[in-house]
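Worksheet: one structure, shown below.
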Amino acid sequence: MKKLVLIDGNSIAYRAFFALPLLNNDKGVYTNAVYGFTTMLLKIIEEEKPTHMLVAFDAGKTTFRHKTFDEYKGGRQKTPPELSEQFPLVREMLDAFNISRFEVENYEADDIIGTLAKDASEKEYEVKVYSGDKDLLQLVSDKVTVILTKKGITNVEAYDEALISEKYGITPKQIIDMKGLMGDSSDNIPGVPGVGEKTALKLLKEFGSVEHVLDSIDQVSGKKMKEKLEQNREQAIMSKELATIYLEVPFETELDDLSFGDYDKQKVVAIMKELEFTSLVTKFDTEGAKAQELDEITYEVLETIEKRHLSDEAALIVEVLSENYHQANIEGFAIVNEKGRFFIQTDHALNSKDFVDWLKDESTKIAVFDAKRAVVALGWKGILLNGVTFDLQMASYLLDPSLSSHEISDVAKRKDKGQVQEDEVIYGKGAKQKVPEQEKVAEHLVRKADALYQLKPVLEKELKDNSQEELFRELEMPLSIILGRMETTGVKVDKEQLENMGTDLEGRLRDLEQKIHELAGGTFNINSPKQLGEVLFEKLELPPIKKTKTGYSTSADVLEKLAKDHEIVEYILHYRQLGKLNSTYIEGLLKVTKEETNKIHTRYNQALTQTGRLSSTDPNLQNIPIRLEEGRKIRKAFIPSEPGWKMVAADYSQIELRVLAHISGDEKLIEAFQTDMDIHTKTAMDVFHVNKEEVTSNMRRSAKAVNFGIVYGISDFGLSQSLGITRKEAAQFIERYLASYPKVKEYMDNIIEDAREKGYVSTLLQRRRYLPDLTSRNFNKRSFAERTAMNTPIQGTAADIIKKAMVEMSSKLEEENLKSRMLLQVHDELIFEVPVEEMETMMKLVPEVMEQAVKLDVPLKADVSFGETWYDAK
DNA sequence: AATGGCACGC
DNA sequence: GACGTACGTGCCATTA
């Protein structure tokens, strides 16, 4: 069946404008109304799947209604200029979607919609009308549904005859009579004074229409009402006339002209990108992006790969599709070099001695995308890849870590080199991901290799211009290989230990659950914040301290405040704590432990964080509990993979604050570290102006929180939260801190100024972070950017340092022929497994290498310890 | 499949 | 005067 969707353009744009905050893109163009409008369009297209579509706009200022009543729509607020300027963008978007739009002189959007709705229903179309204006309800029939915006923009309500009758007790046609009686202040339709919705509906239920009410005034109850109706006869008739949608608007357009479906997705995406609707682009791209038109590319599919196809310099694609590349399939290879463009099937490639030898050759210069992925995936198959000198992902990340994607396709577009489709277009995503026929894969891989080949010199030049060559070549590239080796080595877990802990936890969780249900007087899901909120704040009537956007907050800090009010709370907190341990750590870790070896192989993401830190996934081994003893026991399950070996852990002591002392040059801080003082006590002494003996545990706690704030760039609000004090007090704390360390204050001020001028901040080893928001007019954005400017050089330099230590540590292990293995990195900590005979060496070597990784004006300090398990290495 | 709330580490 | 306030990962519940 044919389906026509009619959209009241002005009404939806208005709704979107007022429902959304005033967004703008980086060119300062306001975009909230276009954004809302587009969201609505996408939703309509997806849900309604219309065969025909039209957006109607109001034309000009005067319409035929002004002849009837020249004050029609009088007193209306002028359209805000921030909205008016968005209408051309809305039209542009509609054109990209190939959606018909028009306006007709002298008529309103309503009339166009009414006329078409009538025409279409006569031709047996299903008609859906989208608007925010209740007037349109008069169009509802068995063929026509009117969908009104309720709240926001995508929250809507569909009105059919039944719903109108249920809500108002009248027919759609009587909506006009209702308006005639009650008027409409937004359109300046007068109606009958003193008659509102209630009275109008009552009258209509009794008399049926405006005319019948007026004919039967003597039967209307109430003297006052009779008088009013009598006095406003003409006004009521006129109001009804004004509210009536005109169904005979003259225009040429035929329904067939409104067909919808065929449009240029690239064009839509282009506009979305221009307006910075990134979330919509991703959504839209994956939903329906058709293969874009690309220029042809020539390549050979090689069955046997020989020396004549290979050369010292090449771009290589090792296509590993699964997100987790450990023991993963390789879908194929592509090579682009001066000899041509080649695709090779995986089995052909790995069976070719020439090819495998070429991969192993250390003297080649191979460019890849995501070196670690390629090396690790090949490594699991027993193939060495040794000649990688360029990783496009890494280069793009170092040049600008804030970019949301460093994918070849995106870098290619950004730099306008090569034509590459996004992987998602070729393979799909989620459950629908699949590998298409070989021809498609071959072309895609070749295009990627080709782009890589072209992009390498471009990004190399940029790295050089940024003085980031060394960071790239000497630090991150070697580190990626080292991390790959750590991941492949994996860390052994004592499964039985985990399982036993799990059994214990499950028992205790059951007991706690029972106790909680008892105290609550009924069963509910404690894991559901919604249900928990109802129990605590409604059933038990505890004071709701904080709200979230969906209901009551039940977070730990709220519960802690409630603990004194009801016994149940401490049980819930305990339940949460144990539940977390069981689901995330016990079950989570068991799930990812490799059966045959009892090893866990995490993956580090080296091209993600804005500061230069690593992150770890699948599982995340950088957030294994330590703070509470209960959780810390999880670490007992991490053990050496060889009998008799031990775990060795070394962590930097206060590395960030030492970095701060170095870059600020603050004498007091430097001295504190040179004499290896307890830095939090020292801070307390300086901030509270007391001597060492007078520092109370509370003073030290506050000082520690301030130091924490410095390291992580938190706001006065953040500090107030962690100390449980007011924002003002927190701000004073920070002020006093800065007054105590004037050089730190100077550094903070200077770095912001410097970053504003240059547009970015850098770390010791030239890592960069751009901060465009430093000049934002938005106070929040600007403050955030300022804190980032102060914090990133500190945290980023600390990241540089430990990375450098890792590279050096790796060389040392190799040079000295040590069997010890580096296993994990947790931001300021390195974990090794070490054979007994190397214990002495390693206990000395590891902290030495870490402490000497860079030379600062303060000493670096690394504490090292060992044990049978990670837990014992403390 | 996406979003929100919560909690873990640094 | 309000905004919404280190980052990153992963679990569970809820909703679409």
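When reading the values below, keep in mind they use all heavy atoms of this one structure, side chains included, and skip hydrogens, waters and symmetry mates. Quick note on labels: first sequence line is chain A, next is B, and so on, each numbered from 1.
- Within residues 778-789 of chain A, the residues approached by DNA chain C to less than 4.0 Å at the level of any non-hydrogen atom are A:Phe779, A:Asn780, A:Phe784, A:Arg787, in residue-number order.
- One finds a salt bridge joining A:Arg767 and A:Glu476 here, because a Lys/Arg side-chain nitrogen approaches an Asp/Glu carboxylate oxygen to under 4.0 Å.
- Note on A:Asn605: nothing from the nucleic acid sits closer than 4.0 angstrom, heavy atoms only.
- Taking CG of A:Asp618 as the start and CG of A:Asn324 as the end, the distance is 5.0 Å to the nearest 0.5 Å.
- Of the listed nucleotides (C:dA6, C:dC12, C:dG10), C:dA6 has the atom at the smallest distance from the side chain of A:Phe708.
- In this entry the distance linking CG of A:Asn525 with P of C:dC11 reads 17 Å, nearest Å.
- B:dG4 and C:dT5: their P atoms are spaced 13 Å apart (whole Å).
- Between the P atom of C:dT9 and the CD atom of A:Gln606 lies a distance of 14 Å, rounded to the nearest Å.
- The nearest whole Å value for the distance from the CG atom in A:Leu509 to the C1' atom in C:dC12 is 13 Å.
- Using a 4.0 Å heavy-atom distance criterion, A:Ser715 is classed as a base contact.
- Listed for the A:Glu729 side chain is no donor-acceptor partner under 3.5 Å among the backbone atoms of A:Ser720.
- Within the 4.0 Å cut-off from OP1 or OP2 of C:dC7, not a single side-chain nitrogen or oxygen of A:Thr611 is found.
- Remark: A:Ser528 is not in phosphate contact with C:dC12, judged by side-chain N or O atoms under 4.0 Å from OP1 or OP2.
- Residues A:Arg701 and A:Lys704 fail the side-chain proximity criterion, which asks for heavy atoms closer than 4.5 Å.
- Using a 4.0 Å heavy-atom distance criterion, A:Ser553 is classed as a sugar-phosphate-only contact.
- Taking atom OH of A:Tyr585 as the reference point, atom P of C:dT9 lies 13 Å away to the nearest angstrom.
- In this entry the distance linking CD1 of A:Ile734 with P of C:dT5 reads 17 Å, nearest Å.
- Spacing between B:dG9 and C:dG4 at atom C1', rounded to whole Å, works out to 24 Å.
- Contacts between residues 618-635 of chain A and DNA chain B, defined by a heavy-atom separation under 4.0 Å, are made by A:Gln622, A:Asn623, A:Ile624, A:Pro625, A:Ile626, A:Arg627.
- Using a 4.0 Å heavy-atom criterion, one finds that A:Val711 contacts no nucleic acid atom at all.
- Rounded to whole Å, the distance from CZ on A:Arg727 to C1' on C:dC3 is 11 Å.
- Rounded to whole Å, the distance from CZ on A:Phe524 to P on C:dC12 is 18 Å.
- Nucleotide C:dA6 holds its C1' atom 14 Å from the CG atom of A:Leu771, rounded to whole Å.
- Evaluation of the side chain to side chain donor-acceptor pair (under 3.5 Å) rule for A:Lys43 yields no partner, not counting sequence neighbours.
- Aromatic ring centres of A:Tyr741 and A:Tyr737 lie closer together than 6.0 Å.
- Within 4.0 Å of A:Glu656, counting heavy atoms only, lies no atom of the nucleic acid at all.
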Can you give the dot-bracket line for DNA chain C, where a pair is Watson-Crick or G-U wobble with both atom distances under 3.5 Å, crossing pairs use [ ], and | marks a partner on another strand? ......|||||||||.

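- Applying the 4.0 Å criterion to OP1 and OP2 of C:dA6, one finds that A:Gln610 has every side-chain N and O outside that range.
- Extent of DNA chain B lying under 4.0 Å from chain A heavy atoms, first and last nucleotide in 5' to 3' order, is B:dA1 to B:dC10.
- At a threshold of 4.0 angstrom between heavy atoms, the contacts of A:Gln721 with the nucleic acid are absent.
- Considering only residues two or more places apart in sequence or on other chains, A:Glu538 meets the side chain to side chain contact (heavy atoms under 4.5 Å, CB included) condition with A:Glu534, A:Tyr552.
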